[in-house]
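Here the structure is laid out as structure tokens; the discussion comes afterwards.
Just so you know, residue 1 is the first one in the sequence shown, and it goes up from there. Whatever order the structure lists ligands and atoms in, that order sets their numbers, starting from 1. Only a predicted model underlies this, so the values are computations on that prediction, with no experimental measurement involved.
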Amino acid sequence: MQPPETLAPAVIPATSATETASATWFRQATYGLFLHWGPYTLHGRGEQVLMRELLDQRDYARKACAWKPTAFDATAWAASAKRDGFRYAVFTTRHHDGFCMWDTDTTDYSSARQAAGRDFVREYVDAFRAAGLRIGLYYSWNDFRIPAMFSGPKGDPAGWAAFRDYVHAQVRELMTRYGRIDVLWFDGVWPASAADWRSSELLEEIRRLQPGILINNRLGFADPLDVAPDEFGANEGLGGDFGTPEHHIRAEPGRLWESCQVSTWRLWCHSAGERWRNTDHLLDLLTEASSQGGNLLLNVGPDADGRLPAEFLERSAAIGDWLRVHGEAVYDTQPVNVGEAVLFGRQTRRGNTLYLIVRFWPGETLRFQGLATPVQSATLLTTGATLTCERDSFGITLRGLPANSPHPLFPVIKLELAGEPRALPTYHPGMWGGDPARLLTWASQRGGGFSANGA
Ligand code: FHN
């Protein structure tokens with residue numbers, strides 16, 4: 001009788017003194033590149049097209065086996081990723097359509113044994129590792145081709161067992177043939193549970209084969225708080241080393257987390273009719289994730305020939321340029337909330353340095369209500385200009401800013417503080433809430449009467 005699935009202990013949370021080296025690089029990295037690429041790209045209608053349209057399985061497989069991308073150059077992918085500030089990547093080794101992007105011995109339904117004749121995982125791992133990026137592998141538990149997946153362990157016990165063992169064998173290959181793997185990004189747990197997948201057993205083996213690996217939370221351990229898979233079928237759950245909020249940003253205090261987001265409007269693989277999110281929106285996702293203590297895994301779908309779309313490269317390069325000047329406000333920072341930033345942007349910190357990331361340019365002065373800690377110096381990081389800082393009983397006002405925004409994206413102001421960032425008692429994160437009496441002095445400035453002059 002298979003013992004009940006137990007949740008293996010996760011890697012030590014980020015902030016604790018006993019943070020592991022893996023948790024440290026992940027937390028400091030902050031910005032990763034998600035790569036959705038496979039024969040589903042041929043159809044140009046999203047990576048789930050096989051099941052979303054219930055396409056003819058034989059026709060789909062025929063096209064996949066004939067797929068021969070002519071322009072795939074992992075070194076070029078890695079070079080642009082490195083140039084544009086990504087610190088790690090996650091590549092789809094197998095998505096829900098079951099096509100394997102490496103030279104597996106478990107099936108001939110792979111890029112190595114069909115028309116392409118190439119081990120794309122090998123090329124990706126070697127190129128990205130050579131470029132100094134951390135290596136992540138995406139792997140889908142489910143496989144839309146396998147009937148046993150739909151009948152499940154109760155409907156077809158033998159078929160399910162064979163399928164489960166097939167999955168375990170494939171993961172074992174990925175964990176033993178490509179050197180050190182930094183991140184294993186499971187997905188597509190539906191319709192089974194951790195017990196059905198024997199997730200704990202597999203996790204134990206993975207950690208034995210790859211001791212430093214970070215594994216995400218899509219393992220089939222249903223999260224009682226997260227009753228039903230969301231509309232995206234993200235199947236997030238308990239366990240693993242980091243949370244994976246999808247298409248949204250949700251901080252998970254006390255644990256590593258990473259928001260995965262498309263650079264287009266909805267679909268993960270390259271899709272003909274798709275629309276592109278604006279560059280400032282994509283940078284906003286990165287600064288939001290960073291300011292809440294998490295990572296952004298930003299997705300791109302290379303086209304069927306293996307080219308990174310020009311629209312993506314343009315946006316990614318602009319963010320890369322921004323990071324070259326302002327990266328210290330995003331990488332390896334901690335969340336902080338010691339003043340009112342909603343009116344202009346976001347705040348992050350590293351030690352006694354506070355960064356104000358300005359989404360909405362205020363003009364020649366910027367008010368930061370709430371900050372208590374004395375400011376030793378104020379610099380507009382974007383231009384290097386020194387700013388003056390005036391303090392009053394409710395916060396500070398920065399002067400010497402240019403009238404117009406000095407950057408098409410988000411200028412950043414760097415404040416060197418005389419100590420730990422702290423807020424005044426009059427400040428309350430989010431404004432609404434807290435003891436309203438904290439503002440009595442301010443409210444009484446006018447005298448408190450109903451007349452215009454306060455009498
Ligand atoms: O169904 C997949 C989808 O195609 C894509 O891979 C995303 C990426 O996180 N995960 C699943 C939906 O949650």
Side-chain angles (χ1 to χ4, degrees), residues 31-55 60 64 88-101 120-121 124 136-146 149-150 167 171 174 183-193 197 214-223 226-238 240-250 252 256-272 274 277 282 285 289 294-302 304 312:
Y31 190 35
L33 177 64
F34 210 174
L35 292 151
H36 273 74
W37 194 49
Y40 34 80
T41 311
L42 288 165
H43 302 262
R45 301 190 303 284
E47 69 290 344
Q48 301 163 339
V49 66
L50 174 58
M51 192 157 100
R52 286 218 182 255
E53 296 183 7
L54 296 184
L55 297 179
Y60 186 97
Y88 64 105
V90 177
F91 177 67
T92 49
T93 65
R94 185 185 93 146
H95 204 267
H96 311 330
D97 68 347
F99 188 84
C100 299
M101 301 286 273
F120 291 139
V121 171
Y124 153 75
L137 299 181
Y138 166 108
Y139 182 84
S140 169
W141 294 98
N142 57 25
D143 182 335
F144 294 157
R145 303 168 310 139
I146 312 297
M149 189 195 98
F150 296 93
V167 164
V171 173
L174 293 170
V183 172
L184 183 52
W185 216 99
F186 280 112
D187 197 19
V189 169
W190 179 90
S193 70
W197 293 113
L214 291 171
I215 304 168
N216 73 350
N217 67 332
R218 299 187 181 196
L219 307 167
F221 294 106
D223 180 346
D226 207 357
V227 278
D230 58 24
E231 66 159 301
F232 309 114
N235 295 275
E236 271 197 84
L238 300 176
D241 304 311
F242 63 97
T244 54
E246 176 165 321
H247 290 304
H248 66 288
I249 290 178
R250 185 197 58 229
E252 301 188 18
L256 299 171
W257 61 275
E258 168 204 75
S259 172
C260 52
Q261 302 261 359
V262 288
S263 48
T264 51
W265 281 27
R266 178 64 179 85
L267 304 171
W268 299 87
C269 86
H270 187 263
S271 307
E274 257 283 27
R277 288 173 155 176
L282 300 180
L285 294 171
N295 288 15
L296 174 71
L297 187 67
L298 182 62
N299 183 73
V300 63
F312 176 78

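In this pair, Trp37 and Phe120 present their aromatic rings tilted. The plane angle is within the 30 to 60° band. Classified by interplanar angle (parallel below 30°, tilted 30° to 60°, perpendicular above 60°), the ring pair Phe144/Phe150 is tilted.
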Show the numbers, then the answer: is there a side chain to side chain donor-acceptor pair (under 3.5 Å) between His96 and Ser140? CA-CA 6 Å; His96 311 330; Ser140 169; 2.8 Å; yes
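For the ring pair (Phe, Tyr, Trp, His ring centres under 6.0 Å) test, no residue two or more places apart in sequence or in another chain qualifies with Trp257.
Across Leu214, Leu33, Leu297, a single residue satisfies side chain to side chain contact (heavy atoms under 4.5 Å, CB included) together with Tyr88, and that is Leu297.
Atoms of ligand 1 lying under 4.0 Å from at least one heavy atom of Arg218, given by number and element, are 9 (O), 10 (N), 13 (O). The Cys260 neighbourhood of ligand 1 comprises atoms 9 (O), with distances under 4.0 Å to a heavy atom of that residue. Those atoms of ligand 1 with a heavy atom of Glu47 less than 4.0 angstrom away are 3 (C), 4 (O). Each of the following atoms of ligand 1 lies closer than 4.0 Å to a heavy atom of Asp187: 2 (C), 5 (C), 6 (O), 7 (C), 8 (C), 10 (N), 11 (C).
Between Gly188 and ligand 1 there is no heavy-atom distance shorter than 4.0 Å. At least one heavy atom of Trp185 sits less than 4.0 Å from an atom of ligand 1.
On a distance-only criterion, Trp268 and ligand 1 share no N/O pair closer than 3.5 Å.
Side-chain contact check for Leu50 versus Phe99: every heavy-atom pair is 4.5 Å or farther apart.
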